[in-house]
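Just the heavy atoms: all of them, side chains too, but no hydrogens, waters or symmetry mates, feed the values below. Every chain is numbered from 1, with letters handed out A, B, ... down the list of sequences.
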Amino acid sequence: MIYLVTNQKSLFETNKHFSFATVAEVIEYFEDHSHVAFDTETTGFDPYLCQLLSAQFGDSKNQYVVDCSTVDICLFKKLLESKIIIMQNAKFDLKFLYRKKIVPINIYDTMLAERVLSTGIYNHRKALDYLVYRYCKKEMDKTIRGNIHKEGLSSAVIVYAANDVKYLHDIMRKQMIKIKEQDLYVALFLDNEYVKVLAYIEFSGFKLDISKWQLKMEEDNNNLLETRKDLDDWILNSNMEEFIKKDSQLDMFNPNANDPICGILWSSSKQVVKLFKKLGLNTEVKDDKTGKMRDSVDAKIVRPQINKSPELLEKYLKYKGYDKIVSTYGESFIRQINPETNKIHTQYTQIMNTGRLSCGGKNKITKEEYVNLQNIPRDDRTRSCFIASEGNVLIVADYSGQEQIVLANQSQDKDIINFYKKGLGDMHSFVASKIFPELADLDLKEIKSKHSEKRQVAKGAGFAINYGGTGYTIAENLSISIEQGDKVYEAYFDAFPGLKDHFKKVKAKTLKNGYILFNNFTKRKCYIDSFDEFKAKRKVTQENGFWVKYNKEKAIKSNEYIQELGPLVRKVFSWKGLLERNALNYPIQGTSADITKMAGVFMFRYLIEKDLLFKVFMPNVVHDEILLDCPKEIAETLAEALKASMEEAGKVFCKTVELTAVPVITDYWTH
DNA sequence: ATCTGTAGCGCC
DNA sequence: AAAGGGCGCTACAGAT
């Protein structure tokens, strides 16, 4: 049954789809309920610029649609803050509730549950209509959605709105069966807790020093134009006619008509390739996806060859830098400043394949854009444009070596643990001492100062290996031979046998299970998409006599080899390689994400406990870094609380070597 | 004119 | 046999 809760009954009296209820009746109905399904309809996406049209409370039997234009949502504050609230995509509704100072404590988000259950599976839809069909076998009509803004609370909208809460209990019940089966209860609990924090982060917003940003934009733009002119001039002075064309403006009064102009569009890699080839650069790289050679003017390809045309290439690299800054980190940030708060309120996505957050995006319907606050250039010039609210300071805290320490704990490698426990100093020097016998007896400080090249090799090797790289990768990165790369690789694992053993186990377990298990606390998993297909393909290559046949056909380059066996083998091995690399990396990256989420949860609880919500803000979070925007007077206390929250969360996952977090109190975003 | 894929590069 | 993980944004190129 659908009930309407409104103070202008007369407007709706003719409608037969629903009855009426009072606020008291709604509250009374849910008195003996532990769970309340909740949803809102709004005039738009921005909680500062748009309003609540309706709020729906319900279960599978009854749905109450509250007309928010005549009934104050705050009358339901107690209900919302005391029950377990089931929502689909809670983050959206929470921001509108926060605006009313309503802060639900217990949340079950059906969308997050579905994300947790299907992490890693592509094309798994999580929109409500899909969930309703998947779990309740009911078709939902979403066509009216686009009209809500125009129609307001029409009868059709009321029925539609009621439907949005009708199935949530049922979906939750059925999801929970799977959650238990797949042992994902803690992962889901963490994400249900964290959605409150993430909504608060989006709600908080990040203040941008507009005039400083604009000044920076102007400088960058001037630099870009100047550099481009230099590049053009270089071409014009070079006599390379194929790159020079005539100004084609068909304007007889244009005095510049028919003047020679540069024919290269510098932001077109395709066009630049032609020039660089002429200048004798080697632009060939192996394509990661296809394995075939292709041309590239990637900075890391060009930089080592800068001596082939120093003047031009130096300018070109500069140009690329300015081009990136101007296009990606310019005007769009100004556009997204909210007129109500004067801050940037972007959007985050809560559960990626590794359990990390992502940030940014664009609403395809409304065309609203959201900037990515997780890849802001880290130089002071840029970051100092991000500031605290009026009268406040920022607290910036990040974990020291978060992923490294997570790996140390997960692998339980004795040497790595010993290194951290004893606080021996520089990790890369330590690795260098392990993989270069001649450095074994030296002091780590001496290695750092006197053997920086070997330290650099160690650094690159450790980094590559932790992400699943091999001797080949090390060789590529450090421009050494594959043999040397392999040597470093082997030396690394000889030095850390516990790590070698750990990686071996993790790979085997993943290929057996069909999912990557991140850690034993949340038990978060990334499922391997199309795992059955992979197994079937792999099985073919493991059958008796396959390799005999393969080698025979390969030797004569038969059609069968070229069209079937070759591609099959390549596919199986590249797929397996990818799975194994992911198996090594995801637990590190994903556990780190769990830790940072939990730290956010602890901090959020602290803010509620100390009645600091809406006084202390959380403007951003970047993987291993959490920011607060807080009144100066309490900054010291809050910095300690943030540090404590982060380290407490760390302890839950990292028991052997504990994580430390370092807070900095500052006027602008810095390290 | 609008869409899609790719190259390149910013961050952790 | 392939060969470092995760993400999002922008401009260009090519297609429709």
Side-chain angles (χ1 to χ4, degrees), chain A residues 265-273 283 285-291 294-302 317 320-321 323-333 346-349 352-362 364 369-379 382-383 398-399 401-403 407 460-477 482 485-486 489 516 526 538 541 547 550 554 565-590 592-593 596 620-625 671:
Chain A
L265 193 50
W266 294 100
S267 45
S268 163
S269 52
K270 243 187 167 124
Q271 295 181 25
V272 175
V273 161
T283 55
V285 291
K286 190 145 87 176
D287 190 287
D288 280 346
K289 278 185 195 143
T290 62
R294 64 174 171 85
D295 290 309
S296 166
V297 288
D298 196 320
K300 65 176 182 284
I301 307 292
V302 175
L317 291 174
K320 285 175 98 133
D323 188 37
K324 179 73 177 174
I325 298 170
V326 168
S327 59
T328 306
Y329 306 102
E331 179 63 34
S332 62
F333 283 71
T346 190
Q347 295 206 354
Y348 301 79
T349 304
M352 309 309 290
N353 279 354
T354 57
R356 267 192 181 181
L357 308 179
S358 74
C359 181
K362 187 175 178 179
K364 277 182 186 159
E369 293 174 322
Y370 302 96
V371 286
N372 186 351
L373 289 183
Q374 295 187 316
N375 70 348
I376 305 296
R378 46 180 304 151
D379 58 278
T382 311
R383 293 239 170 153
D398 64 352
Y399 284 107
Q402 191 190 35
E403 293 197 347
L407 176 60
F463 189 53
I465 290 169
N466 290 351
Y467 285 152
T470 63
Y472 179 89
T473 337
I474 296 168
E476 289 270 293
N477 291 350
I482 293 180
D486 282 338
Y489 182 78
I516 300 164
C526 180
R538 190 176 175 215
T541 68
W547 291 106
Y550 174 84
K554 188 182 177 183
L565 299 179
L568 173 73
V569 165
R570 274 194 294 279
K571 173 101 187 161
V572 167
F573 278 95
S574 70
W575 200 339
K576 178 163 174 275
L578 181 63
L579 289 188
E580 290 182 337
R581 293 195 302 278
N582 288 343
L584 303 190
N585 177 252
Y586 282 24
I588 304 172
Q589 196 182 117
S592 298
T596 305
N620 197 10
V621 54
V622 192
H623 308 305
D624 70 341
E625 172 181 358
H671 283 272

First locate atom NZ of K571(A), then atom OG1 of T541(A), and finally report the distance between them rounded to the nearest 0.5 Å.
13.5 Å
Contacts of D298(A) meeting salt bridge (charged side-chain N to carboxylate O under 4.0 Å, His left out) (sequence neighbours excluded), chain-then-number -> K300(A)
Can you see if the side chain of N375(A) gets near the phosphate of dG6(C) - specifically, an N or O under 4.0 Å from OP1 or OP2?
no
Applying side chain to side chain contact (heavy atoms under 4.5 Å, CB included) to P567(A) and not counting sequence neighbours gives R570(A)
L578(A) CG to E580(A) CD distance, which is reported to the nearest 0.5 Å:
10.0 Å
Do we see F573(A) stacking on the base of dA1(C), given a limit of 5.5 Å between centres and 30° between planes?
no
Could I get a table of every N or O pair under 3.5 Å where one atom is in the protein and the other is in nucleotides 12-16 of chain C?
{"residue": "dC12(C)", "atom": "OP1", "partner": "S267(A)", "partner atom": "OG", "Å": "2.9"}
{"residue": "dC12(C)", "atom": "O3'", "partner": "S268(A)", "partner atom": "OG", "Å": "3.2"}
{"residue": "dA13(C)", "atom": "OP1", "partner": "S268(A)", "partner atom": "OG", "Å": "2.3"}
{"residue": "dA13(C)", "atom": "OP1", "partner": "Q271(A)", "partner atom": "NE2", "Å": "3.2"}

Side chain to side chain contact (heavy atoms under 4.5 Å, CB included) partners of L373(A), counting only residues at least two apart:
F206(A), F333(A), T346(A), Y348(A), C359(A), V371(A), I376(A), F386(A), N620(A)
When the C1' atoms of dA2(C) and dG8(B) are considered, how many whole Å apart are they?
23 Å
Do I474(A) and I465(A) have side chains that approach each other closer than 4.5 Å (heavy atoms only, starting at C-beta)?
yes
List for me each residue that meets side chain to side chain donor-acceptor pair (under 3.5 Å) alongside T283(A), sequence neighbours excluded, and say none if there are none.
D295(A)
Given side chains that start at C-beta, do those of Y329(A) and K324(A) come closer than 4.5 Å, heavy atoms only?
yes
So the contacted stretch of DNA chain B, first to last nucleotide with an atom under 4.0 Å from a non-hydrogen atom of chain A, runs from dA7(B) to dC12(B)
Counting only side-chain nitrogens and oxygens, does K554(A) get under 4.0 Å of the OP1 or OP2 atom of dA1(C)?
yes
Picking from dG6(C), dG5(C), dA3(C), the nucleotide nearest the side-chain atoms of Y472(A) would be dA3(C)
Nearest to the side chain of T328(A), heavy atoms from C-beta on, is which of dG6(C), dT10(C), dA1(C)?
dT10(C)
Take K571(A) and Y586(A), find for each the nucleotide of DNA chain C with the closest heavy atom, and name the residue whose nucleotide sits nearer the 5' end.
K571(A)
Under 3.5 Å donor-acceptor pair, R356(A) side-chain atoms to dG6(C) base atoms:
yes
Check whether any side-chain heavy atom of V285(A) lies under 4.5 Å from a side-chain heavy atom of R294(A), and answer yes or no.
yes
